[in-house]
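Report on the following structure.
Just so you know, these numbers use all the heavy atoms, side chains as well, and skip hydrogens, waters and symmetry mates.
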Amino acid sequence: VIAFLYDRLSTEGRDTAHKAALAYATRGHVDGDVVGVFQLDLALHTLQPFTSDLEQVKLAFERANMHAETPYASGGSRQDSRDLLAKVESIDRSMAAMGGVPDAGNAANAAGLAVQREFSNLQAGVLQSFDRLERDQQGFSSTNGLMALVNGLKALPGRKTIVYFSEGLHVTSNVVEPFRGVV
C-alpha cells in the first residue's frame with residue numbers, strides 16, 4: 001500500500017515530484033501494489049482513492065502535476081517587514097544627523113520622522129506576527145495531512161509507504177509535538 005502526498009509545491013517542485021512519481025509508475029510499480037494519490041493545501045484532497053489500476057494512478061499523477069500552486073504568502077510579508085525595518089533604520093540615521101534640533105523647522109521634521117518611525121515599527125510587528133502564525137499554520141497543515149494518512153493506513157496489516165513531496169516542512173515550536181507524533 002503506497003500513498004503519494006503532494007504538499008504545496010512550486011512549478012519546479014511539481015515537475016520534480018512528477019518525474020519521481022512517473023519513475024515509480026514505470027520502474028518501481030509491482031503487481032499487487034495498491035496506490036492512493038493525495039494533494040495537500042489547507043485541506044487534504046484525494047486525487048485518486050486507493051487502487052491497483054496503474055493507469056488511474058498515472059492520471060492522478062498528471063492531475064497533481066497540473067494542480068495550481070497553493071502557497072501561503074510565501075515570504076512576501078517577510079520582505080515587507082524587512083523593508084519597513086530598513087526604513088526605521090534610515091529614519092534613525094536621519095534623526096541622528098539632525099543632532100540637537102536647534103530650530104523649529106528641524107523640530108517639526110524630527111517629530112514627523114518620529115511618527116513615521118513608530119508606524120513603520122508597528123506595521124513591521126504586525127507583519128512579523130502574521131508571518132509566525134502563517135508558518136505555524138503551514139506546519140500544522142502538513143503535519144495533520146501526514147497524520148491523517150498514517151492513521152488511515154494503520155488499520156491495514158503489512159507494510160505501508162507514504163511518499164511525501166514537499167519543498168520544506170515548517171516545524172515551528174508550536175508544531176514540534178504534533179510532528180513528533182507523526183514520526
Atom [atom1] in [X], atom [atom2] in [Y]: separation rounded to 0.5 Å?
X: E89; Y: R117; atom1: CD; atom2: CZ; result: 9.5 Å
X: H18; Y: E62; atom1: NE2; atom2: CD; result: 3.5 Å
X: L44; Y: L146; atom1: CG; atom2: CG; result: 9.0 Å
X: T16; Y: N65; atom1: OG1; atom2: CG; result: 10.0 Å
X: L133; Y: Q138; atom1: CG; atom2: CD; result: 11.5 Å
X: D41; Y: D7; atom1: CG; atom2: CG; result: 9.0 Å

List the atom of [X], the atom of [Y], and the distance in Å for their closest heavy-atom pair.
X: S120; Y: K87; value: OG-CD, 3.5 Å
X: L40; Y: G145; value: CD1-CA, 4.1 Å
X: L47; Y: Q39; value: CD1-OE1, 3.5 Å
X: D33; Y: G28; value: OD2-O, 4.2 Å
X: R8; Y: S142; value: NH2-OG, 3.0 Å
X: A21; Y: F165; value: N-CZ, 4.2 Å

Indicate if [X] and [Y] have the same hydrophobic cluster label, given that clusters are the connected sets of ILVMFWY residues with side-chain heavy-atom separations under 4.5 angstrom.
X: V115; Y: V126; value: no
X: L156; Y: M147; value: yes
X: V176; Y: V182; value: yes

Fill in: Exceeds 12 heavy-atom contacts within 6.0 angstrom, atom OH of Y164
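Counting neighbours around OH of Y164, more than 12 heavy atoms of other residues, nucleotides or ligands fall under 6.0 Å, so yes.
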Worksheet item: Between R135 and D131, is there a salt bridge with N-O shorter than 4.0 Å?
Response: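 Counted as a salt bridge, because a side-chain N and a carboxylate O are separated by less than 4.0 Å.
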Where the side chain of [X] meets the backbone of [Y], is there a donor-acceptor pair that is under 3.5 Å apart?
X: K160; Y: G158; result: yes
X: Q56; Y: T51; result: no
X: T46; Y: Q48; result: no
X: S52; Y: D31; result: no

Worksheet entry | F38 ring center within less than 6.0 Å of F50 ring center |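 Yes, ring centres under 6.0 Å apart.
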Item to complete: Report yes if the distance between the aromatic ring centroids of Y24 and H29 is under 6.0 Å, otherwise no.
Response: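 Distance test on ring centres: under 6.0 Å, yes.
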